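One structure is given here, and the rest of the page talks about it.
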Amino acid sequence: MKKLITTLTNIWKIDDLRTRILNTLLFLLIYRIGCHIVLPGVNPQALASGQKEGLLGLLDMFAGGSFSRSAIFALGVMPYISASIVVQLLGIAVPYFQKMQKEGESGRTKMNQITRYLTLAITLLQAFAYVRTQIEPSAKTLADPMFTILTAIVLTAGTLFVMWLGEKITDKGIGNGISLIIMTGIIAQLPSGITAEWVSRMSKGGGGPIPLLLEFLALFFVVVFTILIVQGVRKIPVQYAKKIVGNKQVGGVRQYIPLKVNAAGVMPIIFAQAIMFVPMSLGQFFPNLQSDFLTSLSNYTSVAYNVTFAILIIAFTFFYTAIMVNPQQMSDDMKKNGGFVPGIKPGLETSNFIDRVISNITFPGAIFLAIIAILPAIASLFGINNQFAHFYGGTSLLILVGVVLDTLQQIESHLLMRHYDGLMKTGRIKGRTPAAVEGVDQSAI
């Protein structure tokens, strides 16, 4: 306890760090206030109550509940994330974007500008779709088309403002702004989930406090398991040749390339959830296509849903890792800098060796990721309330763990730079993205 108090005191002593933390809290407060401001022309009393399911539930969680309450930040930062993913994939497949990526700071500025324009276009499309599908006619207090146009403009402005807040947090605050905004939205759902589970367990026939205590204990071990997956790396030793520069000898040191067990992050789960939403959509728009199989795929606690979901996650993990990690580029960069893997010839053999290592660690990483993704369904089968079960795994838990680790790593870096003790007695806190990895996405999500 004394160590914790001393660390908090040291954090408060550093002017720059204190200012950044206060700025971050202020920006996040502004975001949470906006999540409760209902869209103009919408009667909040007439909105349909109830928790969103499937992909809509995921969007509502990322938006901090503003999606279901028709707030001005209803679309959250998801359009920006979608645009970032598209631009990222274009940077792999399209030569023009590949060239732009190699232009350094000017290239990044151009790609950021393209991402913003693409975000605007995606937000406008999603805003019109939101007005048409998520707001009941009885909740509208204005007549169309005025209501549709006004609401689409407000939703678009809201998303752009949230994107601006995220950039300001990254610039003036601590941590990655977009990631912190998503994490804040997820955490905002936690009190209601715990309350619902408490009421359920304390009611007659609920089991009492003992099952609730066991649930929190299980959640603790799930979080520990998730941290192991997020931080797990396979280090490949790299030896650099000695060089004579002037009268000095440089090089000759051994470093490591930390290849992550879960290099794909949460993206395979997001892609798989998007595909699993298709059967539910087919059942809604084409009732004649309803069958027992489609019905089971629409129930996230069914065996068919979870088996299909897990297979998709494993497939997308291999696909996304293959896109994001480029063994050929890593081998070329290593060769240019005079580095080599001991016992492996530079060039093609090094590329093949790195590719084999990535394949070997990606398979268990994909299995573990699939297990984490289906844990909420398993928790629901054990009688845990759906609102609380979402925190037992899936995208929400992976984002929470990853963002917290990254933010604590930045705080610790500020402390160590000013010769204070870190946040831990032994070792340093590691974020999700080791800086030494070439060809691996270093973005937050």
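Keep in mind the model is a prediction, meaning the values are calculated, not measured.
Taking each heavy atom of N385 and E197 in turn, the nearest pair found is N-OE1, 2.7 Å. Heavy atoms only, all atoms of each residue included: A272 and F309 are closest at CB-CE1, 3.4 Å. Heavy atoms only, all atoms of each residue included: A71 and L39 are closest at O-CG, 3.7 Å. Counting all heavy atoms, side chain and backbone alike, A366 lies closest to I313 at O-CG2, 4.5 Å. Residues V131 and A152 share a closest heavy-atom pair of CG2-N, 4.4 Å. Taking both residues in full, the closest heavy atoms of A304 and T308 are given as O-OG1, 2.7 Å, listed atom of the first, atom of the second, then distance.
With L400 as the fixed residue, the side chain to side chain contact (heavy atoms under 4.5 Å, CB included) test singles out one of I182, I187, T226: I187. Exactly one of I114, L118, I81 qualifies for a side chain to side chain contact (heavy atoms under 4.5 Å, CB included) with V86. That residue is L118. Just one of L228, I229, T362, T321 meets the side chain to side chain contact (heavy atoms under 4.5 Å, CB included) condition when paired with N262; it is I229.
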Hey, mind stepping through K172 and R20 against side chain to side chain contact (heavy atoms under 4.5 Å, CB included) and telling me if it holds?
CA-CA 6 Å; K172 304 290 185 181; R20 284 181 173 274; 5.7 Å; no

*In sequence, state the C-alpha distance, the side-chain angles, and the governing distance for V403 and N176, and then conclude on side chain to side chain contact (heavy atoms under 4.5 Å, CB included).*
CA-CA 8 Å; V403 174; N176 183 284; over 6 Å; no

Tell me, with the steps shown, if K235 and I257 meet side chain to side chain contact (heavy atoms under 4.5 Å, CB included).
CA-CA 5 Å; K235 293 182 178 180; I257 300 178; over 6 Å; no

Side chain to side chain contact (heavy atoms under 4.5 Å, CB included) between V341 and F353: does it pass, once the steps are laid out?
CA-CA 9 Å; V341 178; F353 172 76; 3.9 Å; yes

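Salt bridge absent: K336 and D332 never bring a charged side-chain N and a carboxylate O closer than 4.0 Å. One finds no salt bridge joining R108 and E103 here, because no Lys/Arg side-chain nitrogen approaches an Asp/Glu carboxylate oxygen to under 4.0 Å. Using a cutoff of 4.0 Å between basic side-chain nitrogens and carboxylate oxygens, E167 and R116 are scored as salt-bridged.
A heavy-atom distance below 4.5 Å is not found between the side chains of D406 and S179. Using a 4.5 Å heavy-atom threshold, the side chains of I186 and L397 count as separate. In this structure, V357 and R234 have side chains that are in contact, with non-hydrogen atoms separated by less than 4.5 Å. Considering only heavy atoms from C-beta on, L259 comes within 4.5 Å of I236 through its side chain. At least one side-chain heavy atom of L155 sits less than 4.5 Å from a side-chain heavy atom of T151. Counting only heavy atoms from C-beta outward, the side chains of F388 and L219 approach each other to under 4.5 Å. No side-chain heavy atom of I14 sits less than 4.5 Å from a side-chain heavy atom of R18. Side-chain contact between T141 and F147 is absent, with no heavy-atom pair separated by less than 4.5 Å.
For the 3.5 Å distance criterion, the side chains of T123 and Y80 fail to qualify, holding no donor opposite an acceptor.
Atom CD1 of residue I344 and atom CD of residue Q239 lie 14.0 Å apart, to the nearest 0.5 angstrom. Here CD1 of I178 is found 8.0 Å from CD1 of I169. Values are rounded to the nearest 0.5 Å. The NE2 atom of H390 sits 9.5 Å away from the CD atom of Q189 when rounded to the nearest 0.5 Å. Note: I354 CD1 to S359 OG = 12.0 Å, rounded to the nearest 0.5 Å. For the atom pair CD of Q255 and CE of M334, the computed distance is 10.5 Å after rounding to the nearest 0.5 Å. Separation of atoms CD1 (I30) and CG (L26) is listed at 4.5 Å; rounding is to 0.5 Å.
Taking the six-membered ring wherever Trp is involved, the centroid distance between the rings of Y320 and F316 does not fall below 6.0 Å. Taking the ring centroids of F221 and Y392, they lie at or beyond the 6.0 Å cut-off. Aromatic ring centroids of F67 and F73 lie 6.0 Å or more apart.
A donor-acceptor pair is defined here as one N or O able to donate and one able to accept, closer than 3.5 Å; such a pair exists between the side chain of R69 and the backbone of C35. A donor-acceptor contact shorter than 3.5 Å is absent between the side chain of K140 and the backbone of G41. Here the side chain of S351 pairs no donor or acceptor atom with the backbone of G347 at under 3.5 angstrom. With T24 contributing its side chain and I174 its backbone, the two residues share a donor-acceptor pair below 3.5 Å. With hydrogens and angles disregarded, a donor-acceptor distance shorter than 3.5 Å links the side chain of S66 to the backbone of A63. At least one donor-acceptor pair closer than 3.5 Å links the side chain of Q410 to the backbone N or O of G175. With T159 contributing its side chain and T156 its backbone, the two residues share no donor-acceptor pair below 3.5 Å. With T148 contributing its side chain and D144 its backbone, the two residues share no donor-acceptor pair below 3.5 Å.
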